[in-house]
Amino acid sequence: MNCSVAIQFLPMDAQTDDEVCRVVDAVIAYIDSTGVDYFVGPFETAIEADYDTCMEIVKNCQLVGAKAGCKKMATYVKIDYRPDGDVMSTDHKIGKYHPTDSEFSHKKGQVA
């Protein structure tokens, strides 16, 4: 995996918190449907895959938001890319802070 991307999708025309969550949930559901490893945080969702897959997902987040009814959106993206190697995984970065989360390998009593 040579790319990790943090995506913060913001529906700028949402009138309520519920509307923000509805549109953001649609974007996260799309990310889930792609099959890539991802981690949802309170401000952004991190994805991990090859570079081209990550860039396609970033592009499609806007289209999914528009299909969900969002007419104005902002998306902030942070990209970690190594063309000739692997980037650190989400598990490596934060797994030690989530010892009871089954998504992380440290659950089995390992110390990070």
Side-chain angles (χ1 to χ4, degrees):
M1 162 202 59
N2 70 351
C3 191
S4 178
V5 178
I7 303 167
Q8 182 183 35
F9 180 88
L10 302 169
M12 303 301 287
D13 58 350
Q15 298 297 310
T16 66
D17 289 346
D18 286 342
E19 182 67 4
V20 169
C21 290
R22 185 188 68 74
V23 176
V24 170
D25 286 348
V27 172
I28 293 170
Y30 159 69
I31 292 169
D32 180 62
S33 78
T34 67
V36 301
D37 286 337
Y38 69 97
F39 179 83
V40 177
F43 295 101
E44 62 192 15
T45 299
I47 63 173
E48 300 172 337
D50 65 88
Y51 179 81
D52 290 335
T53 299
C54 287
M55 295 303 102
E56 186 71 14
I57 291 169
V58 168
K59 176 185 84 171
N60 286 331
C61 285
Q62 279 52 239
L63 302 175
V64 169
K67 187 175 181 180
C70 189
K71 302 216 182 315
K72 180 172 170 53
M73 62 205 82
T75 303
Y76 298 92
V77 178
K78 294 181 270 188
I79 302 168
D80 182 9
Y81 172 56
R82 288 189 183 173
D84 297 321
D86 290 335
V87 296
M88 275 194 287
S89 69
T90 299
D91 183 26
H92 183 84
K93 293 175 191 173
I94 66 169
K96 64 187 169 195
Y97 300 109
H98 299 273
T100 60
D101 190 333
S102 63
E103 290 293 315
F104 297 105
S105 61
H106 303 292
K107 183 178 192 294
K108 297 180 176 87
Q110 299 173 345
V111 176

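At a threshold of 4.5 Å between side-chain heavy atoms, the hydrophobic network of Ile, Leu, Val, Met, Phe, Trp and Tyr places Ile79 and Phe9 in one connected group. The hydrophobic cluster containing Val23 also contains Val20, counting ILVMFWY residues as joined when their side-chain heavy atoms lie under 4.5 angstrom apart, directly or transitively. Linking Ile, Leu, Val, Met, Phe, Trp and Tyr residues whenever their side-chain heavy atoms come within less than 4.5 Å leaves Met12 and Val24 in two separate clusters. Follow the hydrophobic side-chain contacts under 4.5 Å out from Ile28 and you reach Met73 in the same cluster.
In this structure, Gly69 and Asp13 approach most closely via the heavy-atom pair O-OD2, 4.3 Å.
Within 6.0 Å of OH on Tyr81 lie more than 12 heavy atoms contributed by other residues, nucleotides or ligands. By the 6.0 Å contact criterion, OH on Tyr30 is enclosed, its count of non-hydrogen atoms from other residues, nucleotides or ligands being greater than 12.
Using a 4.5 Å heavy-atom threshold, the side chains of Val36 and Ile57 count as touching. In this structure, the side chains of Thr45 and Phe39 stay at 4.5 Å or more apart for every pair of heavy atoms. Between Lys93 and Ser4 the shortest side-chain heavy-atom distance falls below 4.5 Å. Proximity of Asn2 to Val87: side-chain heavy atoms (C-beta onward) are nowhere separated by under 4.5 Å. Contact check for Val58 versus Asn60: no side-chain heavy atoms found under the 4.5 Å cut-off. When side chains are defined from C-beta on, Val5 counts as touching Met55, because their heavy atoms get closer than 4.5 Å.
Side-chain N or O atoms of Glu44 include none that pairs as donor or acceptor with a backbone N or O of Val40 at under 3.5 Å. Between the side chain of Arg22 and the backbone N or O of Ala68, at least one donor-acceptor pair lies under 3.5 Å. Side-chain atoms of Gln8 come within 3.5 Å of backbone atoms of Phe43 as a donor-acceptor pair (strictly under, hydrogens ignored). Here the side chain of Asp86 pairs a donor or acceptor atom with the backbone of Met1 at under 3.5 angstrom. Of the possible donor and acceptor atoms, one in the side chain of Glu48 sits under 3.5 Å from a partner among the backbone N and O of Thr90. Between the side chain of Asp50 and the backbone N or O of Thr53 there is at least one donor-acceptor pair closer than 3.5 Å.
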Exercise. Report the C-alpha separation of Ile31 and Cys61 in whole Å, then their side-chain angles, then the decisive distance to 0.1 Å, and conclude whether the side-chain contact (heavy atoms from CB on, under 4.5 Å) test is met.
Key: CA-CA 8 Å; Ile31 292 169; Cys61 285; 4.1 Å; yes
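Separating the NZ atom in Lys78 from the CD1 atom in Ile7 is a distance of 11.5 Å, to the nearest 0.5 Å.
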